[in-house]
Amino acid sequence: MINRAAIWLAALWWGSLGVIGALVVPLLFVHLPSKALAGAMAARLFAAQTWLSLACGLLLLLLERKIGPPEPLDKARSATVYVAGGMLLAFLMEYAVAPRIVARENLALWHSLGSVMYLLQWLCATVVLARASASARAAQP
């Protein structure tokens, strides 16, 4: 049951990052009447995504502690590193990068850095989802 919960959380984190970053935000800029309106709405969506990422990461860390006997230290640590890394990226994007984008401070640099950090967070979530799925398959009789 705990393994399934970890898969669902990892899938929610991974899927929400992909849908918002690759589908919803680009559609905002295509269909809303102004770039300013699209940017404001994108900022709200990314802020909501930050909190979803932090919540999923925290719950995944809590679940990881409850899953059966501890795995070998290197495997357990590596899964934790990806969860913590994704959470750190989400936090830094919200409180270090986003305010500079909203203030239009060196916009090209901060937007590019935010995009790279978002992609890295998605990659962290991808690894976590893959490991959660592999762990669940290994636990099945």
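Here the side chains of S133 and L129 are in contact, with some heavy-atom distance below 4.5 Å. L113 is not listed as a side-chain neighbour of R100, based on a closest heavy-atom distance of 4.5 Å or more.
L63 and L9 make their closest contact through CD1-CD1, 3.5 Å (heavy atoms, listed as atom of the first residue, atom of the second, distance). Of all heavy-atom pairs between V128 and A10, the closest is CG1-CB, 4.0 Å. Counting all heavy atoms, side chain and backbone alike, V97 lies closest to W110 at CG1-O, 3.4 Å. Here the closest non-hydrogen pair linking C124 and Y82 is CB-O, 3.5 Å. Heavy-atom minimum distance, Q121 versus G86: CG-O, 3.7 Å. When all heavy atoms are compared, the tightest approach of P26 to G21 is CD-O, 3.6 Å.
A donor-acceptor distance shorter than 3.5 angstrom exists from the side chain of Y118 to the backbone of L17, with no hydrogens or angles considered. No donor-acceptor pair under 3.5 Å is formed between the side chain of R44 and the backbone N or O of A40.
The OG atom of S53 sits 8.0 Å away from atom CE of M93, with the distance rounded to the nearest 0.5 Å.
In this structure, L58 is a member of the same hydrophobic cluster as L92, with clusters built from ILVMFWY side-chain heavy atoms closer than 4.5 Å. The hydrophobic cluster containing V24 does not contain L52, counting ILVMFWY residues as joined when their side-chain heavy atoms lie under 4.5 angstrom apart, directly or transitively. Under the 4.5 Å side-chain contact rule for hydrophobic residues, V25 and V30 do not share a cluster. In the hydrophobic cluster analysis, where Ile, Leu, Val, Met, Phe, Trp and Tyr join through side-chain heavy atoms closer than 4.5 angstrom, F29 is grouped apart from V102. Linking Ile, Leu, Val, Met, Phe, Trp and Tyr whenever their side-chain heavy atoms come within less than 4.5 Å leaves L61 and L12 in two separate clusters.
Within 6.0 Å of atom CE in M117, more than 12 heavy atoms from other residues, nucleotides or ligands are found, so the atom counts as buried in its surroundings.
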